[in-house]
2 protein chains.
Amino acid sequence: MPRRLPNLNQLRAFEATARHLSFKDAASELFVTQAAISHHVKALELDFGHQLFQRHGREISLTEEARRFVADITPALDQIAEATATLKSKGLTGTLKLSMAGFLADRVVRPRLAEFKALYPELQLEFSYSRDIVDFSTVEIDAAVIYGEGTRKGLASIVICNERVPVCSSSLMEGLELPVSAEQIARLPLATTKGHTTGWLDWFSAAGIDDTSSLNFIEFETGGHTLDFATTGDGVALVADFPLIQHELSTGALVIINPLTITRDYGIYLFFPETQNPDPKILAFADWLKSVAAQIQAG
Amino acid sequence: MPRRLPNLNQLRAFEATARHLSFKDAASELFVTQAAISHHVKALELDFGHQLFQRHGREISLTEEARRFVADITPALDQIAEATATLKSKGLTGTLKLSMAGFLADRVVRPRLAEFKALYPELQLEFSYSRDIVDFSTVEIDAAVIYGEGTRKGLASIVICNERVPVCSSSLMEGLELPVSAEQIARLPLATTKGHTTGWLDWFSAAGIDDTSSLNFIEFETGGHTLDFATTGDGVALVADFPLIQHELSTGALVIINPLTITRDYGIYLFFPETQNPDPKILAFADWLKSVAAQIQAG
DNA sequence: CGACTCCCATTAGAAAAACTAATGAAAGGT
DNA sequence: ACCTTTCATTAGTTTTTCTAATGGGAGTCG
């Protein structure tokens, strides 16, 4: 007799909801909207012929049967997750040599190294620092994380995050209301890295402002400096909607002053030499880095 | 840290394949085509970055890592299936009083009673026999399984199976090749239950034959009799593609002589009095009966 | 040896499922 | 009383999944 399983996507939605006791939070964990979760849970309740949650206004609680049911399936899902992690990491041993800008390593990768180690226990990461692309033929590097355009000759690339939003310090916001209009932003000092004003030009173009002659750019050596400039309240930076600024956003040191996000070629990419079969270690790292980005964007 | 799960539908496909060591058989277990399984497994292999099966011509075998992985996830899926079964059956206690034609009870339901009991251990079934709908206001019956039209005034209905195919004994097939053309079938004796020639008329209409004046109908009291008639080689019966004839088909006593299947209003339905909230016991039984039908049609 | 059969792979397109945006409704907080 | 928060629902879109058709390779049988 073949095994009879419920719809497993619905099951996952239910389990996440049960953990959070919130449709909204479950939705954010699974990177979907609250409506999607609501649909899933409702379908599951219909299938099972039992209520799974009691709804009291904006609160929900598990029914007696549902409580028992989660207790049964949670370890099962854990086991699947663990077996999957083990399988994925299998064979990924050795060292992956990465090049990236210092502020990316400091702010994004290193603080989460433990998490990465848990997923790929036998994989060592080695860092070297370069804000720009390296020459793979002369430097012994497997892959490079670059904040820039997504295509380079002879290199394969994987998008990590190509959405960018304008941020500034809350102190600069005095007297202004969120969202700050693009016209107002155009009058503020705009931080960029040297020679990379394209991002801002794209952003204003997306905001419907084409006269960019009067923009006031302040150029810096590194992306970290543009962030510092914004953080100290001296101007606005255009940054990837990425773990980069997670801490600052949550403490309120930085604020997204206009929700307009541009998705252009300019963003964070992982580059590596083009081959038929890319090194699985690189793919694993790219996969992980993307998940880090996704986690943040989901709030 | 949110749990990271693989696509669970792909996982189910993989697990079924691993049990059967066959894409084809896994497909049939899951009621899909072989291509669907192939896609799922391939996607999983891509996600994991590992081959899961070695392909040797038409044989497949598990890779070493995959073997380990199945061993990990199989108990997890078992546990989910079991927890689901428990939850579904919860609260379904007492007795469900069913009315159905004798041959349906004898051929379909009773041989599988043990299976039903396993799913709903606290639910008793009681049978009474009627080929036609009963008057729910006078007879103490919860639901009726009827071979007929799918809509009756004041009653809700659930389709169990509304596909019908022509069958006859292999002895009648002497000198004919499968599939037998509709024109040839039109010359054979056609068994129906009394006053229900609609099924055959629909079938011939679907086959493109509109002149039904010369058809040779033999009418019987019960559906069982039309099957007997076909089994003894005296003519052709039009039956639901359903467990009814499973045994006869597998032994070769009956043969589907033309694959044309009609899906019309006439079929097997579960009827019960229309209410706002149907008795979950009825829904559970309908659910199970549908699964029995699906199992057979998948071969 | 060659035709045949049996599976798996691949493709393009169809069908179904999942998801979203928008909006409503209920309850809690201010 | 008003605003905020959260779940529900609807209709429509997007994405995923599935299928039908077809090709290829490896056994099998005459």
Side-chain angles (χ1 to χ4, degrees), chain A residues 5-47 51-63 66 159 163 177-178 259-261 263 290 294 297-299, chain B residues 5-47 51-63 66 159 163 177-178 259-261 263 290 294 297-299:
Chain A
L5 289 166
N7 182 310
L8 293 169
N9 295 322
Q10 290 168 8
L11 196 72
R12 161 162 46 187
F14 161 69
E15 192 272 348
T17 309
R19 255 184 298 115
H20 294 287
L21 285 180
S22 155
F23 284 51
K24 182 175 164 291
D25 293 350
S28 128
E29 168 175 328
L30 299 175
F31 309 133
V32 295
T33 59
Q34 168 267 122
I37 302 293
S38 178
H39 286 309
H40 276 316
V41 170
K42 195 183 173 197
L44 212 52
E45 288 181 325
L46 198 70
D47 177 24
Q51 287 261 124
L52 293 169
F53 294 102
Q54 275 132 8
R55 280 82 162 169
H56 332 87
R58 62 176 143 172
E59 304 253 303
I60 59 172
S61 63
L62 283 162
T63 62
V159 189
E163 306 199 319
E177 276 209 4
L178 286 175
L260 178 65
T261 302
T263 307
K290 274 192 286 188
Q297 279 174 43
Chain B
L5 288 166
N7 180 312
L8 293 170
N9 295 321
Q10 290 169 6
L11 197 72
R12 159 161 50 186
F14 161 69
E15 192 272 347
T17 309
R19 256 185 296 115
H20 293 288
L21 285 179
S22 156
F23 284 51
K24 185 176 162 288
D25 294 351
S28 130
E29 168 175 327
L30 299 175
F31 309 133
V32 295
T33 59
Q34 169 267 118
I37 302 291
S38 178
H39 286 311
H40 277 316
V41 171
K42 195 182 172 195
L44 258 197
E45 288 181 324
L46 199 70
D47 177 23
Q51 286 262 126
L52 293 169
F53 294 102
Q54 276 131 7
R55 281 81 163 168
H56 332 88
R58 61 175 142 173
E59 304 252 300
I60 58 171
S61 63
L62 283 162
T63 62
V159 189
E163 305 199 321
E177 276 208 3
L178 286 174
L260 178 64
T261 302
T263 306
K290 275 192 285 189
Q297 280 175 41

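A, B, ... follow the sequence lines: proteins, then strands. Residue 1 opens every chain.
Using a 4.0 Å heavy-atom criterion, one finds that A/D25 contacts no nucleic acid atom at all. Across all strands shown, A/I60 has heavy atoms under 4.0 Å from sugar-phosphate atoms exclusively, and none from any base.
The local environment of CD in B/E59 is sparse, with at most 12 non-hydrogen atoms from other residues, nucleotides or ligands closer than 6.0 Å. Dense packing is recorded around CD of B/Q54, with more than 12 heavy atoms of other residues, nucleotides or ligands lying under 6.0 Å away.
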Enumerate the protein-to-nucleotides 26-28 of chain C contacts in which both atoms are nitrogen or oxygen and the separation is below 3.5 Å.
| residue | atom | partner | partner atom | Å |
| --- | --- | --- | --- | --- |
| C/dG28 | O4' | A/R58 | NH2 | 3.0 |

Taking only N/O atoms, report every protein-nucleotides 10-16 of chain C pair under 3.5 Å with atom names and distance.
| residue | atom | partner | partner atom | Å |
| --- | --- | --- | --- | --- |
| C/dT10 | OP2 | B/K42 | NZ | 3.3 |
| C/dT11 | O4 | B/H39 | NE2 | 3.1 |

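Nearest heavy atoms, B/A43 versus B/Q10: CB-NE2, 3.5 Å. Closest of all the heavy-atom pairs between B/L30 and B/A13 is CD1-CA, 3.8 Å. Contact between B/L21 and B/F53 at its shortest, heavy atoms only, is CD2-CE2, 4.4 Å. Closest approach of A/P6 to A/D47, counting heavy atoms only: CB-OD2, 4.3 Å. Nearest heavy atom pair, residue A/F14 against residue A/V41, reads CA-CG2, 4.3 Å.
For the pair B/E45 CD and C/dA9 C1', the computed distance is 12 Å after rounding to whole Å. Spacing between atom CZ of A/F23 and atom P of C/dT20 amounts to 15 Å, rounded to whole angstrom units. One atom, CG of A/N7, and another, P of C/dA17, lie 9 Å apart when rounded to the nearest Å.
Every salt bridge (charged side-chain N to carboxylate O under 4.0 Å, His left out) that B/E15 has, sequence neighbours left out, goes to A/R3, B/R19.
The CG atom of A/L62 lies 8.0 Å from the CG atom of A/L52; values are rounded to the nearest 0.5 Å. The structure places OG of A/S22 at 10.5 Å from CD of A/E29, a figure rounded to the nearest 0.5 Å. In this structure, A/L11 CG and B/L8 CG are separated by 8.0 Å, a value rounded to the nearest 0.5 Å. Annotation: the span from A/K42 atom NZ to A/Q51 atom CD amounts to 11.0 Å, rounded to 0.5 Å. Going from atom CD of B/Q34 over to atom CG of B/D25 covers 11.0 Å, rounded to the nearest 0.5 Å. Atom-to-atom distance recorded for B/F23:CZ and B/R55:CZ is 4.5 Å, nearest 0.5 angstrom.
End-to-end axis angle of the helix from C/dC1-D/dG30 to C/dT30-D/dA1, from C1' rotation axes over five pairs per end: 20° (rounded to 10 degrees).
Each of B/A36 and A/R55 was assigned the nucleotide of DNA chain D with the nearest heavy atom; the assignment lying further toward the 5' end belongs to A/R55.
Applying a 4.0 Å cut-off to non-hydrogen atoms, none of the residues of residues 8-20 of chain B approaches DNA chain C.
A nucleotide of DNA chain D counts as in contact with chain B when one of its atoms lies under 4.0 Å from a heavy atom; the first and last such, 5' to 3', are D/dT17 to D/dT28.
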